[in-house]
Chemist: 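Mind looking over this structure? Questions follow.
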Amino acid sequence: MPSFLELTLHFFLQLAVILAAYRLVWPVFKRLGQMQVVAIMAAGFLLGPSVFGALWPSAQKWLFPATLGIGGQTIPHPSLTVIYVVGQLGLVLYMFLVGSSFQTKILTEHFRVAGATATAGLTVPLAFGAITGYVLFTHGDYFTGKVVAWQAALFLAAAVGITAFPVLAWIIHDSGLHKTRVGTMTLACAAFDDAWSWILLAVVVASAKGNMNSAVLAFVGGGAFVLVMLVAGRRLLRSLNTWADKELRAKPDGGLPLGPFTVMLLVVLVSAWFTDWTGIYSVFGAFLAGVVMPRGRLLDMVRERTEPLVAYLLLPAFFVYAGLNTQLSLLLHPAALVALAVVLVVSFAGKFGAVSLTSRWQGLSWREAGAMGALANARGLMELVLINIGLTQGLITPTLFTILAIMTIVTTFVASPLFRMFERNAWKNGLVFGAGGETAAAAPRSAVTAG
């Protein structure tokens, strides 16, 4: 068993390799019109057994050991646990930062359209996913013996219906869309759809264990948490700005007010713990904590000083953890390739098609509707979280995990270029995406940046 010091030193090396890998692939992804988060996600998979492990197996197993043999037994390696925990911390803090930038005013102004789009963006993919899950259950080795047909259908429904909430937030922020109708509504739809997907997953996990109490807890506890935070939490946290102003007046150097900042962190961590305990997952608690935080100088300072560390040091650890569980060699069987093709078609048709058509029907321009569909179609980090739970809980096989991981990469990779296509069309017509919809551009734009 490695000592604490050995685990610490090894973790430092792992983080250094993760950052180096990301920086090496980023120029390539930038030229392809991708956001930095996609490059970080790709770096995580490149460091896994499918690429790095295939090229240099001994080095990959030494740098990212997955198991450890003790007394004739094989157990998860402590190094893997360290990466997982750090990745979860980065994920929670990042989702808090996303919530702190969420434009609630824009959402309330377009609540009806957002509600209809979110409903269609959930129900259609759920239906497509459920049918696909049932077919895969009856025609292949994709689910374990713990799962029956209806549970398989619900699991794949959740996998197809989910959206890349944190990754989507990163794309929207890097694209400057967080103050637009497209960006705000897409994030709201993602939050709604993902919450229901997690409830479905809770039902599957609970029923597989023969205990439905956890599914009830996810629904009731999650709903109560949202109400408490939006009503009482928002009012109680307003005093943080007054407290911060007093500390700032006493600090001529303009340093971050540590008292209010500590309370802010406590709220984030407790919120993440509570929603994770109820079964909805920690990212929603962290996101909602950011939404209810009072806007002002304190929150601006926190975002400015913590975002680079969280996004580029802590969060990449999660992508590496997901990449270590992806094995492309499992897709060499023709039946697995057919299943992958079916899942990809269902995912694109269910999410991109449903969100785009519903948004257009609700009055958005076809360019805005297409942009929303393109962004909502990304599965990203949330899908990786969901399939990791499915794998660790013994619900799905490594083959289905790999199929869904590839679907995650493809849908996330396509999201930015597809969105840019609609955005470019708007620019060619002298328009930009604004808070109220498409508005006349101040000046023509001829180039697109990658973030």
Side-chain angles (χ1 to χ4, degrees), residues 107 110-136 153-169 171-172 177 180-201 340-383 386-387 403-404 406-423 425 433 437-438:
L107 177 62
H110 304 282
F111 185 78
R112 178 184 61 82
V113 180
T117 305
T119 302
L122 177 66
T123 55
V124 176
L126 288 186
F128 285 5
I131 296 172
T132 305
Y134 180 81
V135 172
L136 291 181
L154 279 188
F155 180 86
L156 207 67
V160 173
I162 209 164
T163 298
F165 196 15
V167 172
L168 182 61
I171 293 174
I172 287 173
L177 294 172
T180 67
R181 178 167 70 172
V182 168
T184 301
M185 288 179 55
T186 306
L187 269 183
C189 292
F192 176 83
D193 294 353
D194 285 6
W196 278 104
S197 294
W198 284 110
I199 291 174
L200 287 180
L201 179 64
L340 172 61
V342 171
V343 168
L344 285 173
V345 171
V346 167
S347 300
F348 272 88
K351 206 70 173 182
F352 175 75
V355 171
S356 299
L357 293 176
T358 305
S359 301
R360 180 62 178 143
W361 175 58
Q362 288 293 313
L364 273 69
S365 70
W366 69 266
R367 284 177 290 261
E368 285 186 296
M372 280 190 64
L375 293 172
N377 190 52
R379 297 319 194 280
L381 193 148
M382 295 305 289
E383 181 79 21
L386 185 145
I387 63 178
I403 289 173
L404 294 176
I406 293 177
M407 181 269 282
T408 302
I409 296 172
V410 172
T411 56
T412 307
F413 187 87
V414 171
S416 291
L418 193 57
F419 160 75
R420 295 296 188 187
M421 182 183 71
F422 291 105
E423 188 180 45
N425 191 278
F433 298 144
E438 284 187 334

Chemist: For the atom pair CE (M407) and OG1 (T412), what is the distance rounded to the nearest 0.5 Å?
Modeler: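 One finds 9.0 Å between CE of M407 and OG1 of T412.
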Chemist: Closest approach of V346 and G129, non-hydrogen atoms and distance?
Modeler: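 Scanning both residues completely, I find the closest heavy atoms to be CG1-N, 4.1 Å.
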Chemist: Within the side chain of R379, is there an N or O that forms a donor-acceptor pair under 3.5 Å with the backbone of S347?
Modeler: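 Side chain of R379 to backbone of S347, a donor-acceptor pair under 3.5 Å: yes, one is there.
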Chemist: About how many Å separate CZ of F419 and CG of N377, when rounded to the nearest 0.5 Å?
Modeler: 14.5 Å
Chemist: Give a yes or no on whether the backbone of A371 and the side-chain of R367 come within a donor-acceptor separation of less than 3.5 Å.
Modeler: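 Side chain of R367 to backbone of A371: no pair is present.
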Chemist: On a heavy-atom basis, which atom in G350 and which in P125 lie closest, and how many Å separate them?
Modeler: O-CG, 3.3 Å
Chemist: Quick one: side-chain contact (heavy atoms from CB on, under 4.5 Å) partners of V414, sequence neighbours excluded?
Modeler: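 side-chain contact (heavy atoms from CB on, under 4.5 Å) check on V414 returns F348, V410, L418.
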Chemist: Sequence neighbours left out, what pairs pass side chain to side chain donor-acceptor pair (under 3.5 Å) with at least one residue falling in residues 121-132?
Modeler: none
Chemist: Taking side-chain contact (heavy atoms from CB on, under 4.5 Å) as the test, write out the residues that go with A120, two or more places apart.
Modeler: T358
Chemist: Do W366 and N425 touch side chain to side chain, with heavy atoms closer than 4.5 Å?
Modeler: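 Yes, close enough: below the 4.5 Å cut-off.
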Chemist: Per the salt bridge (charged side-chain N to carboxylate O under 4.0 Å, His left out) rule, what does the pair list look like for residues 115-126, sequence neighbours excluded?
Modeler: none
Chemist: Tell me the closest heavy-atom pair linking R360 and S365, and the distance in Å.
Modeler: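 Heavy-atom minimum between the residues: NH1-CA, 3.7 Å.
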Chemist: Report the residues that fulfil side-chain contact (heavy atoms from CB on, under 4.5 Å) with A159, sequence neighbours left out, ordered by chain and then residue number.
Modeler: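 Scan of A159 (side-chain contact (heavy atoms from CB on, under 4.5 Å), adjacent residues dropped) gives L156, E383, L386, L404.
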Chemist: Strictly by salt bridge (charged side-chain N to carboxylate O under 4.0 Å, His left out), give each pair with a member in residues 407-417 just once, sequence neighbours left out.
Modeler: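 For residues 407-417, and leaving out neighbouring residues, there are no salt bridge (charged side-chain N to carboxylate O under 4.0 Å, His left out) pairs at all.
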Chemist: Nearest 0.5 Å please: distance from the CD1 atom of I162 over to the CG atom of L126.
Modeler: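 Separation between the atoms: 10.5 Å.
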Chemist: Test: salt bridge (charged side-chain N to carboxylate O under 4.0 Å, His left out). Region: residues 347-356. Which pairs qualify, not counting sequence neighbours?
Modeler: D193-K351
Chemist: Not counting sequence neighbours, which residues clear side-chain contact (heavy atoms from CB on, under 4.5 Å) with S356? List them please.
Modeler: F352
Chemist: Working to the nearest 0.5 Å, report the span between CD1 of I403 and OG1 of T408.
Modeler: 11.5 Å
